[in-house]
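Below: one structure, written as structure tokens.
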Amino acid sequence: MRIATWNVNSIRARLPRVIDWLASARVDVLALQEIKCRPEQFPGAAFEALGYHVSIWGTNQWNGVALITREPATDVQAGFSGAPAWGVPPAVEPRALGGTVRGVRVWSLYVPNGRSVDDPHYRYKLAWLGRLAHEARSWLAEDPDAQIALVGDWNVAPRDEDVWDIRAFAGETPVTPAEREAFGAFAAQGYRDVVRPLAPTGYTFWDYKHGRYPRDEGMRIDFVLGSPALAARVEDAFIDRAARSGDKPSDHVPVVVQLREEDSAEQRDDWDEDDRPMVL
DNA sequence: ATGGTCGCAACGCGA
């Protein structure tokens, strides 16, 4: 089973690239962020033509999230209980969409952008992460064997090496100790970054401004956090940095995780060494 | 190259 996350910065502006990518990546679940459209504007037919099902959350042009799934997702839920109700305009809840596919609960997350530490959005971001962590803890308390993937744009760079020059970010988002502590709370509960061990270097975002991408001045802020039972199934991970090149790219690239099949009788041989790189 | 980010119900604002 293959799960991917991608902040596409407008699904309508990105549709040809996303469809091309999906046709070659053979993912079972693609979590999208920043679809920048209302549900009725989402170009669902293009995905359905590839055999995918679409679940969407979006209430305005910003920050919408979606789940594109090979099989219909069950228990689709927008947001989590306890999400802060006091969003700072134009911050809009819930920026989270959960669905279950083949026994795996996947949450497509767009963690609020904190802007700067003296901005109300910063406090809001920390509160939002805190509520999500609280909720995620309860999911594992209820079922320690639950297979849960928390995927998306976390807007946090957990380590100094996750930005191109830590000196340029002194005292700023997304590298403040409070943000890193909020992100680290998930690991403390057992949700692990399942990509870094298999893709130890590389960014997931390069700002459009200032020619950041040609100079590889990026940030690693898109993550897949897996519950213990999910992490135990991870056999490979891939950051598709090539998606940042070419015509009309998003400023983020897809992050992909491959899970072992639970029943070896159902092993599919779609992840041979010959397959790498998995996205052509 | 007299410009140098991109997206959006948009000529300002969010990322």
Side-chain angles (χ1 to χ4, degrees), chain A residues 5-21 31-44 46 56-66 84 86-97 108-129 132 151-158 162-165 168-169 171-176 178-179 182-183 203-223 240-255:
Chain A
T5 179
W6 193 1
N7 179 328
V8 292
N9 185 24
S10 168
I11 189 58
R12 288 174 293 171
R14 219 64 60 212
L15 188 61
R17 290 195 67 128
V18 174
I19 291 298
D20 284 352
W21 188 88
L32 301 176
Q33 299 88 36
E34 287 204 62
I35 61 174
K36 291 189 174 176
C37 68
R38 298 185 299 274
E40 69 272 20
Q41 297 175 307
F42 194 95
I56 303 157
W57 175 81
T59 62
N60 67 357
Q61 60 187 305
W62 316 111
N63 303 326
V65 290
W86 46 278
V88 182
V92 179
E93 286 70 40
R95 312 152 178 262
L97 187 70
S108 179
L109 304 171
Y110 180 79
V111 175
N113 185 307
R115 304 189 183 181
S116 59
V117 294
D118 57 357
D119 191 297
H121 289 79
Y122 178 74
R123 280 191 51 206
Y124 171 70
K125 173 185 191 174
L126 295 176
W128 195 94
L129 277 169
L132 177 62
V151 313
D153 178 354
W154 291 77
N155 269 317
V156 176
D162 294 335
V163 296
W164 74 89
D165 181 0
F169 288 85
E172 296 178 13
T173 62
V175 304
T176 65
E179 290 168 291
F183 183 83
Y203 303 129
T204 64
F205 161 87
W206 296 259
D207 200 311
Y208 289 124
K209 298 189 286 273
H210 312 306
R212 296 295 183 206
Y213 181 67
R215 295 201 293 270
D216 194 26
E217 295 176 344
M219 299 196 285
R220 189 173 178 126
I221 54 177
D222 299 86
F223 298 100
D240 186 15
R241 68 172 286 132
R244 187 63 177 79
S245 297
D247 200 36
K248 284 196 62 146
S250 173
D251 42 4
H252 295 250
V253 296
V255 180

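Each chain gets a letter, A, B and so on, in the order its sequence line appears, and its residues count up from 1. Keep in mind that what you see is a predicted model, and the values were worked out from it rather than measured.
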From the list Asn113(A), Thr173(A), Thr176(A), side-chain hydrogen bond (donor to acceptor under 3.5 Å, both in side chains) partner of Tyr122(A) resolves to Thr176(A)
Taking side-chain hydrogen bond (donor to acceptor under 3.5 Å, both in side chains) as the criterion, tell me which of Asp222(A), Thr5(A), Asn9(A) meets it with His252(A). Asp222(A)
Nearest heavy-atom neighbours spanning Val8(A) and Arg14(A): O-NE, 2.8 Å
Regarding Asp216(A) and Arg244(A), does a basic nitrogen lie under 4.0 Å from an acidic carboxylate oxygen? no
Length of the [atom1]-[atom2] vector between [X] and [N], whole Å:
{"X": "Leu15(A)", "N": "dC8(B)", "atom1": "CG", "atom2": "P", "answer": "12 Å"}
{"X": "Lys36(A)", "N": "dA10(B)", "atom1": "NZ", "atom2": "C1'", "answer": "12 Å"}
{"X": "Trp6(A)", "N": "dA15(B)", "atom1": "CH2", "atom2": "P", "answer": "21 Å"}
{"X": "Lys209(A)", "N": "dA15(B)", "atom1": "NZ", "atom2": "C1'", "answer": "7 Å"}
{"X": "Arg215(A)", "N": "dG4(B)", "atom1": "CZ", "atom2": "P", "answer": "16 Å"}
{"X": "Asp247(A)", "N": "dC6(B)", "atom1": "CG", "atom2": "P", "answer": "11 Å"}
{"X": "His210(A)", "N": "dC6(B)", "atom1": "NE2", "atom2": "P", "answer": "12 Å"}
{"X": "Arg17(A)", "N": "dC6(B)", "atom1": "CZ", "atom2": "P", "answer": "13 Å"}

Side chain of Arg38(A): nearest nucleotide among dA15(B), dG7(B), dA9(B)? dA9(B)
Among the nucleotides dA9(B), dA15(B), dG7(B), whichever has the atom closest to the side chain of Gln41(A) is dA9(B)
Which is true for Tyr213(A) with a 4.0 Å heavy-atom rule: it touches a base, it touches only sugar-phosphate, or it touches nothing? nothing
Using atom [atom1] of each nucleotide, how far apart are [N] and [M] to the nearest Å?
{"N": "dG3(B)", "M": "dC8(B)", "atom1": "P", "answer": "24 Å"}
{"N": "dA9(B)", "M": "dG14(B)", "atom1": "P", "answer": "15 Å"}
{"N": "dC11(B)", "M": "dC6(B)", "atom1": "C1'", "answer": "15 Å"}
{"N": "dG7(B)", "M": "dT2(B)", "atom1": "P", "answer": "22 Å"}
{"N": "dA10(B)", "M": "dA15(B)", "atom1": "C1'", "answer": "15 Å"}

For [N], does OP1 or OP2 lie under 4.0 Å from any side-chain N or O of [X]?
{"X": "Lys248(A)", "N": "dG7(B)", "value": "yes"}
{"X": "Arg115(A)", "N": "dA15(B)", "value": "yes"}
{"X": "Asn155(A)", "N": "dA15(B)", "value": "no"}
{"X": "Arg12(A)", "N": "dA9(B)", "value": "yes"}
{"X": "Arg14(A)", "N": "dC6(B)", "value": "no"}

Apply side chain to side chain donor-acceptor pair (under 3.5 Å) to Asp118(A) and list each qualifying residue two or more places apart in sequence or on a separate chain. Ser116(A)
Determine whether the aromatic ring centres of Trp164(A) and Phe169(A) lie less than 6.0 Å apart. yes
Nearest heavy atom decides the nucleotide; on that basis, is Asn113(A) or Ser10(A) closer to the 5' end of DNA chain B? Ser10(A)
Take Asp207(A) and Asp153(A), find for each the nucleotide of DNA chain B with the closest heavy atom, and name the residue whose nucleotide sits nearer the 5' end. Asp207(A)
